[in-house]
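Have a look at the structure below, then the notes.
Note on naming: letters A, B, ... go to the chains in the order of the sequence lines (proteins, then strands), and numbering restarts at 1 for each one.
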Amino acid sequence: MTRFGLTGHLGWIAALATANLRSAVADRGNFIALAGFMALNNLIWFSIWWLFFAVAGEIRGWTVSDVAALYGIVAVAFGIHTTFFGGARTLAQKVRDGALDVYLGRPRSALVGVLFSRSDPTGLGDILSGAALVLWVTAATPEKGAMALGFAGLSTSVIVASYLAINCLAFISRGRSSVSDQLCESFLMLASMPQVGLPGVVKILTYTALPAAFVGFVPVEILRDFSAAKLLEVVAAAILCPLAAAGLFHLGLRRYSSGNRMIELR
Amino acid sequence: MSATIKRGIRQSLSLSLRVPLSPRTGALVHCVGLGAREAWSEKLAMAARFLTFSVIIGTWASLWHIVPAATLTRVSLSYEQLVWYFTLTEIVVFSLGHCYRQIEDDLASGALTTAFVRPVSYIALTLAEELGRMIVTLGSFTLPSVALAWALTAQLPFEPATIVFLPVTLVGGGAIVLGVQVLIGLSAAWLGTARPVFFITQKLIFVLGGMIVPLTAYPDLLRKLAWATPFPAMLYAPASLMLDPARGHAEAMLALQGIWLIAILLAVVLLNAAFERRVLTKGLI
């Protein structure tokens, strides 16, 4: 940090984010088609919830609108993750291939380099369809809509941190990267469902080791019934989760074996 | 398992493998075995997959558990039936990998060119390999899944008359999904990428196949639309044995799967011929 200064680092991060965005939209036709398909994919998936609530009525006060808000927040957060921080999910593969050398040899933060190393154009479809869902259910209360989109920003921090922490398992286990993929999948599944009526142990897990509750569930609880304490919890999770994940990454680096790969062409 | 039993199984397997097979069938059988061994060797990945499966089953079960019994009775369902129902639909969903991705990758990397000079069709070999993987995953998931559903419901709702149909309809459902995945993979020759088509089809399977809510509880129009597609044969057919254990229903579901399996295999043969023509005349994507 001292070598380049805070402004230098922020400028670098902005340059990486712009490069990712440019790479995502480079093939405009493909980008529009992929983003459109992903948005349609989300909307079809959401119809499962509509069918569920058509049978179940409401679940402890939760209605289909609440789940739409939850699903929208998670989709926007996940979309920001895949568009800008897609590298978090490929860390396990990089560790196994010895491909971290490329980032460790650079004068800037290896972690930031890894996070911004991959961008997926489908992420923008998630962002758009998620935002559409949020705005649809909060049409009557625009301030809640703005708040929900703000929560999506905080949720991105929790998703990226959780994916990074899960992928850090590759530093200690010899399993294939599909294991990390499955765990990430579990996390996302859990985050995109209302965690109502879960057994106590699972509930504790979703607030600690697998902080899925802070991605969508707690933000929607705040939207339904504002609570400053819950808001503080979400903000704390958005700050503490990345710090813990970064700590795991740096601890993991001590066990990393080089793959003698110094150059990466993108 | 004692060493004698293990030896016995090995001997009977080797005897059955000694049955003379044509080179083509032998290659396909070998590919089924290859896929099965590969799936079995990835035990950690399978455990992680089962964890995801358990998370989904557990979360949906806890949601259905909150719904008052009277509400479920209105649609002629019970909590126990629903848990067993979606455990079975999820077993089918989780037993399959992403073989469309392999076809797409082979097309993009050029690996297909070497596959074309082989005497057995590339698609037949890919299907056989994925079938092996599916059978092993399905087999490994069944017992722990039954244990999970039993732990959640404290019921074993199997009827002796229909239990024999259950493994057959589960494999049948998986085989139809597999056929559809191959069709999606082949579409990459025209579309450049198969991913968007896969995602949309996957979600249609979930919704129109009745993954979480049985088709019987769907609104009329959606139910009619669903029955006009192959999706109920994939998920609803095996899982509905938990809702209607009558032998007649099981036979009807099996017949439905048979019809769709034939139709989809026919589509695979036709599309594969067009795919090979296109790749040979226009090159790779």
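- For A:Ala54, no part sits under 4.5 Å from any heavy atom of chain B, backbone or side chain.
- Aromatic ring orientation, A:Phe52 versus A:Trp49: perpendicular (interplanar angle above 60°, classes split at 30° and 60°).
- For A:Gln182 and B:Thr52, the side-chain atoms include at least one donor-acceptor pair closer than 3.5 Å.
- Comparing A:Ile44, A:Leu198, A:Asn41 by heavy-atom pairs within less than 4.5 Å of chain B, the highest count is held by A:Asn41.
- Open room surrounds NE2 on B:His65; 12 or fewer heavy atoms of other groups in view lie less than 6.0 Å from it.
- Heavy atoms closer than 4.5 Å to chain A are found nowhere in B:Arg74, neither backbone nor side chain.
- Looking only at atom types and distance, the side chain of A:Asn42 has a donor-acceptor partner in the side chain of A:Ser129 under 3.5 Å away.
- For a residue to count as touching a neighbouring chain, one of its non-hydrogen atoms must lie under 4.5 Å from one of that chain's; by this rule B:Met46 does not touch chain A.
- Heavy-atom pairs under 4.5 Å with chain B peak, among A:Pro199, A:Gly125, A:Ala56, at A:Ala56.
- If you tally non-hydrogen atom pairs under 4.5 Å between each of B:Leu63, B:Ile56, B:Leu222 and chain A, the highest count goes to B:Leu63.
- Within 6.0 Å of the CH2 atom in B:Trp227, the count of heavy atoms belonging to other residues, nucleotides or ligands exceeds 12.
- The most heavy-atom pairs under 4.5 Å with chain A, out of B:Leu51, B:Val75, B:Val55, B:Val207, come from B:Val207.
- A:Ser117 and A:Lys94 are linked by a side-chain donor-acceptor pair at a separation below 3.5 angstrom, with hydrogens and angles left out of the test.
- Of the listed residues B:Thr59, B:Val197, B:Thr71, the one with more heavy-atom pairs under 4.5 angstrom with chain A than any other is B:Thr59.
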